2 protein chains.
Amino acid sequence: MTLTSHQPVTLHQVAEAAGVSVSTASRALNGRAKTYRISERAVENVQREAQRLGFRPSLLARSLQSQRSGLMGVVVPDVSNPFFAAIAREVTLQAETQGMSVLLADSRETTSVETKLVDELRARRVEALVVCPVGTESQHLMDADDAGIPLVVIDRCFPETSMTSVLSDNVGGARRGLQQLLNHGHTEIGCLQGLPGTLPNQQRLTTIRQTMEEAGLTFADSLLAGDNFTEQSGYESTLQLLTSHPEISALFAFSTPNAFGALRAAEELGRSVPDDLSVVTFDDSPFADFMRVPLSTVSQDVERLGRTAAEVILKQLRTGKKPRKRTHTIPVKLIPRHSIAKVQS
Amino acid sequence: MTLTSHQPVTLHQVAEAAGVSVSTASRALNGRAKTYRISERAVENVQREAQRLGFRPSLLARSLQSQRSGLMGVVVPDVSNPFFAAIAREVTLQAETQGMSVLLADSRETTSVETKLVDELRARRVEALVVCPVGTESQHLMDADDAGIPLVVIDRCFPETSMTSVLSDNVGGARRGLQQLLNHGHTEIGCLQGLPGTLPNQQRLTTIRQTMEEAGLTFADSLLAGDNFTEQSGYESTLQLLTSHPEISALFAFSTPNAFGALRAAEELGRSVPDDLSVVTFDDSPFADFMRVPLSTVSQDVERLGRTAAEVILKQLRTGKKPRKRTHTIPVKLIPRHSIAKVQS
DNA sequence: AAGCAATGCACAAACGTTTGTGCAGAATAT
DNA sequence: ATATTCTGCACAAACGTTTGTGCATTGCTT
């Protein structure tokens, strides 16, 4: 015997059971009883029957009629990455406080998938979008923006457009991270970069160049390696840098996985951290304090990134106007641990 | 000048622009042209206009009409917990392959919120639900199950009901983890449990008792502590256990945060791991290999938990019948690292 | 030239809500 | 007793799709 999978109860059925019309039932349940003069008796009947039948208004139908889906789209490259998971969580929590629901999409670090997903979300009539773009492609985002969909991008910025951005203070972070190395006497510093071409990456690089120059040093391009924020990129770049430039005494990794890759490579090359190689990294891991080599870190406030994005977008939804502020910069925190040592002169 | 936030283009507008009726436009776009005899010319017109106007069919309207929302609900206690993030990801990826979207909800480790969220998702007419329940409450889940909504719960099991469960092999895991300690000569073993009352916790406990007895030992209730899978619970329980039972030489933590708490407490008490205290833990962290004390672990295959849940539920959706198999058990893997030492006799 | 099939489309109902309006009957006023 | 207001509700349209059916027109057959 297969259980008949019942259809959900409709307002029609409730109305019938209560002996009133659908419109009356609707108003009875939505508290419009006074303004529309529904009798007490009718209201009670309707409520009782709704209760008894387990009526749950279809938000699909409601959305269609009200032109408000109550949905928010969130697109991230990889939900299982703690960075994006934290963002997804904050946005979700904020959305829930407003009775909105979150449609979560995972772009698998693929721009074409990201484009497809944004399209899908728009088809579902999300009222707002929070996107952590994979790369530098922005057409699909501009399209959504042009269509008037409130849109916030995190950790990216497309200056020529009118989108709102939420970013960490990459300039300040890069400066302080590098300064930390300089303070310990390091002058030969390699960089493991993330995605070239993205604004955060550029900001970090130019800040590093500038800070070096201010210190009377120069940053040679050959000391820059990497093309992604993965462990693999960090590993390979470190191997390459340390073999071609053995004089390097410190590495600035632009992501925690990069740093992990660096640790692995350093170990293979017989250079121990921090004694034979100092490392400072952007990003932070909740487990950093339990690390074999506790990484000194420029820590991004991921929760605040997500929360700010959600707040900005919810405010835009409430007020109906685009926020005047295009870019929100979230402070970072320098967390010195034990992956930096004084340079041995 | 505020940009007018345009309404999305409707099929009506496309039809009008193409000079045909709405129904014709619909069929032209949905490939029903041959069976419904729409002229080539009309099809081309419609497609061209749809393209030109940027038409995106409203999935809301489509869902309402087709009685298929294409939505899948996922409820987890904390998205930013790597365990749940991985599950959310796998389900999302699977859903995306089927053109379904995922509504993500975060219950903030609160049963009442979980209930509210399940209700909300049902109102949105999700076609299926994947839930990682916070606690032992199951009424809201039974309701959904009774309503015929395909439902899979992960890491929980409610034997009296007809829901499908996906669980790690807690029995095998507990046995192998404990055996590992026994093999190293430990006999005084404390347990840091997770949520009492949940099936996984019970399975682990009874397996431990049984395995101890098989080894000719007994497991005293006073060696059991903890009431949650948090770092805090692990910390406090360890302090309590090690002070009241200093003879304890090994701890079995039921979660990684528990183990972290244990490490912190052990350090405070001046007992170093693994020399003065062995630790084995359930669960695994992607960073385990970089830990100061690389934790020996009974590793759950989180991806597979999530993927299995998604597959089971998608299959149920395709075939329309409840799966005969009520419980899916996912194997675990023992990963020996360096948190277990031979007992010093 | 009449009959008939095939072609190409429009009309309308339906999905489940919300909401503007109209219309009885009762109550009150004159 | 008649006019007016108030009360309590039902009807119908709308949101944007899909889909069953009906109806011209065209073309072919004989």
Side-chain angles (χ1 to χ4, degrees), chain A residues 6-47 49-50 53-71 120 122-127, chain B residues 6-47 49-50 53-71 120 122-127:
Chain A
H6 344 255
Q7 300 301 330
V9 178
T10 74
L11 189 56
H12 188 87
Q13 298 170 38
V14 174
E16 189 156 293
V20 298
S21 75
V22 186
S23 50
T24 299
S26 171
R27 293 193 247 250
L29 291 174
N30 292 336
R32 306 223 178 288
K34 299 96 198 167
T35 43
Y36 277 90
R37 299 168 316 210
I38 311 292
S39 66
E40 288 251 332
R41 208 176 53 81
V43 172
E44 282 166 14
N45 277 344
V46 171
Q47 288 179 342
E49 294 304 315
L53 297 172
F55 171 67
R56 255 173 250 275
S58 162
L59 293 192
L60 287 179
R62 226 211 280 271
S63 297
L64 183 60
Q65 133 77 27
S66 68
Q67 302 283 73
R68 298 212 35 229
S69 67
L71 293 175
E120 165 94 9
R122 290 182 61 183
R124 292 202 185 269
R125 298 296 186 261
V126 292
E127 292 182 50
Chain B
H6 345 253
Q7 300 301 330
V9 178
T10 73
L11 188 55
H12 188 86
Q13 298 171 37
V14 174
E16 188 156 294
V20 299
S21 76
V22 185
S23 48
T24 300
S26 172
R27 293 193 248 250
L29 291 174
N30 292 336
R32 305 223 180 289
K34 299 96 200 168
T35 43
Y36 277 92
R37 301 168 315 210
I38 312 292
S39 66
E40 286 251 333
R41 208 176 52 82
V43 171
E44 281 166 15
N45 277 343
V46 170
Q47 288 178 341
E49 293 303 315
L53 297 172
F55 171 68
R56 256 173 249 275
S58 161
L59 292 192
L60 287 178
R62 228 213 275 274
S63 296
L64 184 60
Q65 134 77 27
S66 67
Q67 302 283 74
R68 297 211 37 228
S69 67
L71 293 175
E120 165 93 10
R122 291 182 60 184
R124 291 203 185 269
R125 298 297 186 262
V126 292
E127 291 182 51

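As the structure is a computational prediction, the values presented were derived from the model and not from experiment. A note on names: the letters A, B, ... follow the listed sequences, proteins ahead of strands, and every chain is numbered from 1.
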Query raised in the report: Are Arg27(A) and Thr24(A) close enough that some pair of their side-chain heavy atoms sits under 4.5 Å apart?
Result: no
Query raised in the report: Which whole-number value in Å describes the distance from Arg27(A) CZ to dT7(D) C1'?
Result: 14 Å
Query - Interatomic distance where CG belongs to Leu11(B) and P belongs to dT18(D) [whole Å] - result: 7 Å
Query - For atom CG of Leu64(B) and atom P of dT18(D), their distance in whole Å - result: 12 Å
Report task. Name the closest nucleotide to the Ala61(A) side chain, picking from dA14(C), dG16(C), dT7(D). Result -> dG16(C)
Query raised in the report: Checking all strands, does Ser58(A) fall into the base, sugar-phosphate, or nothing category for heavy-atom contacts under 4.0 angstrom?
Result: sugar-phosphate
**Report entry** Rounded interatomic separation in angstrom, taking CG from Leu29(B) and C1' from dG16(D)
**Finding:** 13 Å
Report task. Report yes if some heavy atom in the side chain of Val20(A) is under 4.5 Å from a heavy atom in the side chain of Val46(A); otherwise report no. Result -> yes
Query raised in the report: Does Ser39(B) have a side-chain nitrogen or oxygen under 4.0 Å from the phosphate oxygens OP1 or OP2 of dC9(C)?
Result: yes
Query raised in the report: With respect to the phosphate group of dG16(D), does any side-chain polar atom (N or O) of Gln13(B) fall under 4.0 Å of OP1 or OP2?
Result: no
Query raised in the report: Toward the 5' end of DNA chain D, which comes first, Gly19(A) or Pro8(B), by nearest nucleotide?
Result: Gly19(A)
Report task. Return the value, rounded to whole Å, for the distance between atom CG of Leu60(A) and atom C1' of dG16(C). Result -> 9 Å
Requested in this report: Establish, with yes or no, whether the OP1 or OP2 oxygen of dG16(D) is under 4.0 angstrom from a side-chain nitrogen or oxygen of Gln67(A).
Outcome: yes
Report task. Calculate the interatomic distance between Arg32(A) atom CZ and dT17(C) atom C1'; express it in whole Å. Result -> 13 Å
Query raised in the report: Hey, does the side-chain of Ser23(A) have a donor or acceptor N/O within less than 3.5 Å of a partner on the base of dC11(D)?
Result: yes
Query raised in the report: What is the distance from atom CD of Gln13(A) to atom OG1 of Thr10(A), rounded to the nearest 0.5 Å?
Result: 4.0 Å
**Report entry** Residue whose closest nucleotide on DNA chain C lies nearer the 5' end, Ile38(B) versus Ser66(A)
**Finding:** Ile38(B)
Requested in this report: State which of dT18(C), dC9(C), dT17(C) makes the closest approach to the side chain of Arg125(B).
Outcome: dT17(C)
Requested in this report: State, yes or no, whether a side-chain contact exists between Gln47(A) and Leu29(A) at a heavy-atom distance under 4.5 Å.
Outcome: yes
Report summary line: Among dC11(C), dG8(D), dT17(C), the one nearest any side-chain atom of Arg37(A) is dG8(D)
Query raised in the report: Given that Ala42(B) and Thr24(A) both sit by DNA chain C, which one's nearest nucleotide is further toward the 5' end?
Result: Ala42(B)
Query raised in the report: For the pair made of CD in Glu16(A) and P in dG16(C), what is the distance, rounded to whole Å?
Result: 13 Å
Query raised in the report: What is the minimum heavy-atom distance between Arg62(B) and Asn30(B), and which atoms define it?
Result: NH1-OD1, 4.1 Å
Report task. Assign Ser26(B) to base, sugar-phosphate, or nothing according to its heavy-atom contacts below 4.0 angstrom with the strands shown. Result -> base
Query - Closest to the Val22(A) side chain, choosing from dC9(C), dT17(D), dT17(C) - result: dT17(C)
Query raised in the report: Checking all strands, does Thr10(A) fall into the base, sugar-phosphate, or nothing category for heavy-atom contacts under 4.0 angstrom?
Result: sugar-phosphate
Query raised in the report: What integer distance in Å separates Tyr36(B):OH from dT7(C):C1'?
Result: 15 Å
Report summary line: Shortest non-hydrogen pair, Glu120(B) vs Leu59(A), comes out as OE2-CD1, 4.0 Å
